[in-house]
2 protein chains.
Amino acid sequence: MAAVTLQDVATRAGVSQATASRVLNGSSRIPGEGVADRVRAAARELGYVPNAQAQALARSSTGVLGLIVHDIADPYFSSIVRGVQTAARTACKQVLLASTDRDFDVERASVSTFIAHRADAIVLAGSRQSGHLDRDLEAEFGRYRDNGGRVVVIGQPLAFGAAVEPENQFASSELAEALVAAGHRQFAVIGGPASIRTAVDRRNGFVEALGRCGLTPLVEVSGAFTRDGGFSAAQRLAAALQLQPGLGGPPVCVFAVTDVMAIGAIAAWRELGLTVPRDVCIAGFDDIPTLRDHTPSLSTVALPLEEIGARAVDLALSPDADDLRERIPGRVVLRDSTRLP
Amino acid sequence: MAAVTLQDVATRAGVSQATASRVLNGSSRIPGEGVADRVRAAARELGYVPNAQAQALARSSTGVLGLIVHDIADPYFSSIVRGVQTAARTACKQVLLASTDRDFDVERASVSTFIAHRADAIVLAGSRQSGHLDRDLEAEFGRYRDNGGRVVVIGQPLAFGAAVEPENQFASSELAEALVAAGHRQFAVIGGPASIRTAVDRRNGFVEALGRCGLTPLVEVSGAFTRDGGFSAAQRLAAALQLQPGLGGPPVCVFAVTDVMAIGAIAAWRELGLTVPRDVCIAGFDDIPTLRDHTPSLSTVALPLEEIGARAVDLALSPDADDLRERIPGRVVLRDSTRLP
DNA sequence: CTGAAAGCGCTTACAG
DNA sequence: CTGAAAGCGCTTACAG
C-alpha cells in the first residue's frame, strides 16, 4: 500500500504539502492559478489518490454511512438499500453494508464495527424487538451520539435518534376497510413474531378496523418474517379453516403482514391444490418489486421502499433532524388475489 | 467525534500507550496478566472503541472490501452480495457497497473512491463491455495492484486479477441439449447487449449446441439485461413469430439469457394473451431465488449465486490466488415453462 | 515485559 | 497566497 503520497505530489510540483493539500482537496483558500496547475499536473502524472483514512483522521469525519439490514437478499431490504445507495451517491457518501441474517448478535457486532470505523451515521433497517435495544447496544449508541454520530432507524423508532416510520397501523386499517368495501366478510390473519413492533402494528391496525366493521378474524396464525415463515403459517391456517379446493362459497380473505410471507403462503396453498383467489384470498404489505410479475397479482399496501431508503440518508445527513420522525403513508392496492367472483 | 482514545485508556490504567495497544489489539507480545487486566478494565469503564481509521493508517491495511454491483435490487446481485456478506463476516472484513445502476461512469468513480479508502480488495460483480475496461480504470487498477490491492471479478475475467467465472457457454449448450432431448425442435433466443461477454457466451453456447443438433433459431432478438429489456424483446419476438393464443401445435422454445429477462418476457406474453408453456415455452439462466414462487415455474441453468459471492471473497483474501480463475459450473433444471403437452 | 519515539498520510490553525 | 509545524489516533521497531 505504498501509494503515491501528498508529499510526493508537493515535491514534484515544488510546493509545500500544505499547498498541495489546499489545491487538491477543496479548501476555501485557493492558491494562485499557476501553482494550482502545477500541483494538479503533478498529481495526475503521479496518479495520486488521496488516502481517505488519513483524511478522515485529520478531519475527524469519514464520509461513510453504516447500513444494517436483516437480509440483503430479501427484496424489501434490497429495495431500501437501492434507495440508500442512490441518495448516498448524490451526497458523495460511501456505504458500509451489513446483512445480519436476523441475528441480533451479528447486528450488535456490526454496530460496534461501524462505530470503530467512525461512520458519520448508522442506519438501522428492519424491525427490532418492541423498539428496545439490548443494554449494550443502547450504551454504545449513546456514546456514539455524544461523539457526533447520528442514528437513523427505518421502521419503529428507538428512544433516540431519527426514524423513518411507515404508517403500518393506519395503512393496515385502510386495507381492511378496502377489503370490506370490496365485499369480503370472512377474514384471517398471518402475523409475524409477537416481539416485533411492525408485525404487531400491522396486525392490530387490520384487526381493529375489522372490529369497527363488526367483524373478527376467524383464525390468526403467525410465523417468521420470511417466505418460509409465511409458507408454514399458511399450512396451519389451511388446516384450521379446513380449506378445500373448489368448495365454493365466498373465500376467506387472509391478511399476511408482509408480501414475502404472502408469497410463501400462496405457494403453500398451491401445494394443497388451493387456488387464489377462488378458494382463498390474500393480501400482503410492502409492495416489493417482485410482485410485479407474481401470479396471481397480489393486493397489498404499497410503500415507497427506495424513497424510504433515501429519506433515511437525508435524515442521517441533516444535523438539525436529530430526533425527527418521518412518517411514510402506505397506499392500498387491490389486485387479483382478493378479487371476488 | 472526540471519542475515548487509546491514550485515555493507558492513562487510566497507568501504563503506556504502547502497552495498552498491545493488550487491546492482539499483539504477539502479551503483557503480564495484572497489567492486561487493568488495561481491559479501563477500556471497558471508559467505553473505548478503537479508531479503525487510525489503525488502518498505522497498519496500512483497512480490513475493508469494496464490492461493486450493477443493481442491488436485482435478485441476481442481491444473492451474490448475500454470499459476500456471509464470507466477509467469517473473515472479519467489512464491505463497502456500490450499486452503479449500470452506469460505467459511476462504476469508475466507485473504484476510485474504494481505492481512496484503501480497500484491501475490490470485487467487481456484473458484466462489463467485452472484458475491457476503459483506459483510466485499467491504469487505476494497475497502480492499485502494485500497491498491494487485490482485484476480483465475478463474470468474465479481466486481463489481470482473479475471477469467479460461471461456465456460461458450456452450461447454455447443456441447456440446449436438454431441451432438444425433451422434444423441442423450434427455438428462438432473447439475447443481451452485444458488448457484454456473459450475454454473448450464453447465446453462443446455446446456438452452437442447437447447430450440432442440426437446428437453428427461428429468430433472435435482444434487449437490456433487465426485466424491462426482456419484456420489450419478447414483444418483438412475438411479432416476429406471429405468436397467437391457442394456435396449437408444438410451441416455440425461447432461451432468454437471464432469468430476469425471462420473467419480463413472460409478463409481456401474458399481456398478449399468450400462455406459457402452451403457446410458447421459455428457459432462463441463473436460477434467482425469485423463481421459487414464480408461475409458471421457469426452466433455467442454476448457478450457486451465494457461493459465487463467497468464492470471490476467498479469492480476494488469499494473496496466492492473484491471477486465479475459478470456474463455476451451471446445472440445467427443466421445469414447467418448457413442458411439452 | 514495558516505554519513548517515530511514523502512517493528511488537514488546518498560525505565522509570514 | 504560501509554508512550517502540530495534531488526528493508532502501531511497531528499537531500547531498556
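Please read all numbers here as calculations on a predicted model, not as lab measurements. In what follows, chains carry the letters A, B, and so on, assigned in the order in which the sequence lines appear, proteins first and then strands, with residues in each chain numbered from 1.
Between the CZ atom of R38(A) and the C1' atom of dT2(D) there is a distance of 11 Å, rounded to whole Å. At whole-Å resolution of the value, CD1 in I115(B) and P in dG9(C) are 16 Å apart. Between the C1' atom of dT11(D) and the CG atom of L24(B) lies a distance of 13 Å, rounded to the nearest Å. If you measure from atom CG of D37(B) to atom C1' of dC1(C), you get 15 Å, rounded to the nearest angstrom. Between N147(A) atom CG and dG9(D) atom C1' the separation is 13 Å, expressed in whole Å.
For L6(B), the listed nucleotide lying nearest its side chain is dC10(D); candidates were dC10(C), dG3(C), dC10(D).
With respect to D105(B) and R108(B), a salt bridge is recorded, a charged nitrogen being found less than 4.0 Å from a carboxylate O.
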Without placing hydrogens or testing angles, list every side-chain donor-acceptor pair under 3.5 Å for residues 43-50 of chain B, not counting sequence neighbours.
residue, atom, partner, partner atom, Å
E45(B), OE1, R12(B), NH1, 2.0

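Contact check, S21(B) against dT11(D): a side-chain N or O comes under 4.0 Å of OP1 or OP2. The phosphate of dT2(C) has neither OP1 nor OP2 within less than 4.0 Å of any side-chain N or O from T19(B).
To the nearest 0.5 Å, atom CD of residue Q53(B) and atom CZ of residue R59(A) are 11.5 Å apart.
Every residue meeting the side chain to side chain contact (heavy atoms under 4.5 Å, CB included) condition with D314(A), not counting sequence neighbours, appears here in chain and number order: R311(A). Under the side chain to side chain contact (heavy atoms under 4.5 Å, CB included) criterion, A10(B) pairs with Q7(B), V15(B), A20(B), not counting sequence neighbours. Legend: residues meeting side chain to side chain contact (heavy atoms under 4.5 Å, CB included) with A162(A), ordered by chain and number and at least two apart, are V152(A), L315(A). Partners of R89(B) according to the salt bridge (charged side-chain N to carboxylate O under 4.0 Å, His left out) rule, which considers only residues two or more places apart in sequence or in another chain, are D101(A). Contacts of E140(B) classified as salt bridge (charged side-chain N to carboxylate O under 4.0 Å, His left out), with partners at least two apart in sequence or in another chain: none. Scored by the ring pair (Phe, Tyr, Trp, His ring centres under 6.0 Å) test, F77(B) finds H70(B) as partners (sequence neighbours excluded).
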| field | Per-nucleotide pairing state of DNA chain D [Watson-Crick or G-U, under 3.5 Å; [ ] pseudoknot-crossing; | other strand] | value | |||.||||||||.|||

Which atoms of nucleotides 4-8 of chain C (N or O only) lie under 3.5 Å from a protein N or O atom, and what are those distances?
residue, atom, partner, partner atom, Å
dC8(C), O2, A58(B), N, 3.4

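Across dA5(D) and dC1(D), the matching P atoms stand 23 Å from one another, rounded to whole Å.
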